[in-house]
Amino acid sequence: SFIYNSLINGLCEADKVDDAIELLKTMKEAGCRPCNVTYTTLMNGLCKAKRLEEAKTLFERTRQNGYKPDTVMYSALIDGLCKAGQQTQALELYEDMKGNGCKPNRFLYSSLIDGFCKSGNIDRALEILEVMIESGCPPNIVVYSNIIDGLCRANRMEEGYQYFLDIIQSGSHPNVVTYSILIDGFCKIGKIDMALKLFSEMKTKGCAPNVVTYTSLIWGLLKVGKAAEARNLLKSMISAGCEPN
RNA sequence: CCCCGAAAAAG
């Protein structure tokens, strides 16, 4: 069944969810019993293909067939709900999950926090961050990056930057995503000086900018009319071995 | 601890 699960996962990642569903049938016909991993993989594939209703149906059917959803299975569906902006249902499922003895972990909190951030409810995201900390699940860099991104989107750059400083002070290391979020945020409000400062800081710290970082910064330079500098940055991007897309 | 499943950034 590990083999079937891996194949199903591969098909989902190749956007061939229907083929993955077919393979599930084949798997059963071959007398191989699907497990939580199999169903979680399919639900995730359905969610990524924006086929949320089918993912929900699969979840219910799986549960009716006697499978006990675990934290990973709940997380996959909760993440899908969050990404589709269905926060109410996501929270219902989160309660259901806790009621069934599944412990929320960083993945789950990250999905909830990111969902609230992207649906414009940064304050709710900050509340969940508190819950997370109080329940003894220390946020990692992904969760803090979610929060910083939410603050940037809410035009609360200063607070976002403050979280960034706090992360460093607490001995954690911002990664290329964290830096890219802040650089993009500062570029979008025209604070190119701050963006450039972070860009040089990340390189000093050995954190290599990627195509996302460069794209934001080039966009930011163009926005403030620094076309020549944008072009130079494109050149240094290429010479740094980063392929423009 | 113990092979397969869930989370973040630009366009």
Side-chain angles (χ1 to χ4, degrees), chain A residues 1-13 20 23-24 27 32 34-48 55 58-59 62 67 69-83 90 93-94 97 102-118 125 128-129 132 137 139-153 160 163-164 167 174-188 195 198-199 202 207 209-223 230 233-234 237 242 244-245:
Chain A
S1 90
F2 286 151
I3 295 187
Y4 277 108
N5 291 344
S6 299
L7 287 171
I8 288 174
N9 193 33
L11 287 170
C12 288
E13 282 175 1
L23 194 54
L24 172 67
M27 177 179 183
C32 194
C35 62
N36 272 7
V37 174
T38 320
Y39 289 113
T40 301
T41 305
L42 275 171
M43 281 174 218
N44 186 46
L46 287 167
C47 288
K48 297 285 180 311
L58 182 59
F59 181 82
T62 303
Y67 288 85
D70 57 18
T71 300
V72 179
M73 190 184 285
Y74 274 110
S75 296
L77 191 53
I78 288 173
D79 185 65
L81 289 164
C82 286
K83 286 190 165 57
L93 202 55
Y94 167 61
M97 165 183 165
C102 293
K103 259 180 87 78
N105 60 18
R106 290 188 181 98
F107 281 69
L108 190 277
Y109 284 120
S110 168
S111 291
L112 287 176
I113 287 173
D114 191 54
F116 279 113
C117 286
K118 295 211 167 66
I128 297 172
L129 179 68
M132 192 176 174
C137 180
N140 60 8
I141 192 61
V142 173
V143 174
Y144 278 119
S145 298
N146 292 151
I147 290 287
I148 293 172
D149 185 50
L151 288 165
C152 291
R153 287 173 197 272
Y163 269 100
F164 169 80
I167 291 165
N175 60 23
V176 61
V177 176
T178 324
Y179 276 107
S180 298
I181 288 167
L182 281 164
I183 288 172
D184 186 62
F186 281 120
C187 283
K188 289 218 165 101
L198 285 165
F199 181 67
M202 75 188 281
C207 179
N210 62 19
V211 64
V212 176
T213 326
Y214 281 108
T215 306
S216 291
L217 204 47
I218 289 172
W219 187 93
L221 285 166
L222 291 173
K223 181 182 161 78
L233 190 61
L234 177 63
M237 168 180 180
C242 186
N245 62 12

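The chains referred to below are lettered A, B, ... by the order of the sequence lines, with proteins before strands, and numbering in each begins at 1.
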Taking only residues two or more places apart in sequence, or in another chain, which ones meet N210(A) in a side chain to side chain contact (heavy atoms under 4.5 Å, CB included)? V176(A), S180(A), V212(A), T213(A)

Taking the C1' atom in each of A6(B) and A10(B), what is the distance between them to the nearest angstrom? 24 Å

Those residues at least two apart in sequence (or on a different chain) that pass side-chain hydrogen bond (donor to acceptor under 3.5 Å, both in side chains) with Y74(A) are R63(A), D96(A), N100(A)

Output all residues satisfying side-chain hydrogen bond (donor to acceptor under 3.5 Å, both in side chains) with N5(A), sequence neighbours left out; order by chain, then residue number. T38(A)

5' to 3', nucleotides 5-11 of chain B under a 4.0 Å protein heavy-atom cut-off (B base, S sugar-phosphate only, - none) gives BBBBBBS

Salt bridge (Lys or Arg N to Asp or Glu O under 4.0 Å) pairs, two or more places apart, involving residues 2-11 of chain A: none

Who passes side chain to side chain contact (heavy atoms under 4.5 Å, CB included) against C47(A), sequence neighbours left out? L52(A), A55(A), L77(A)

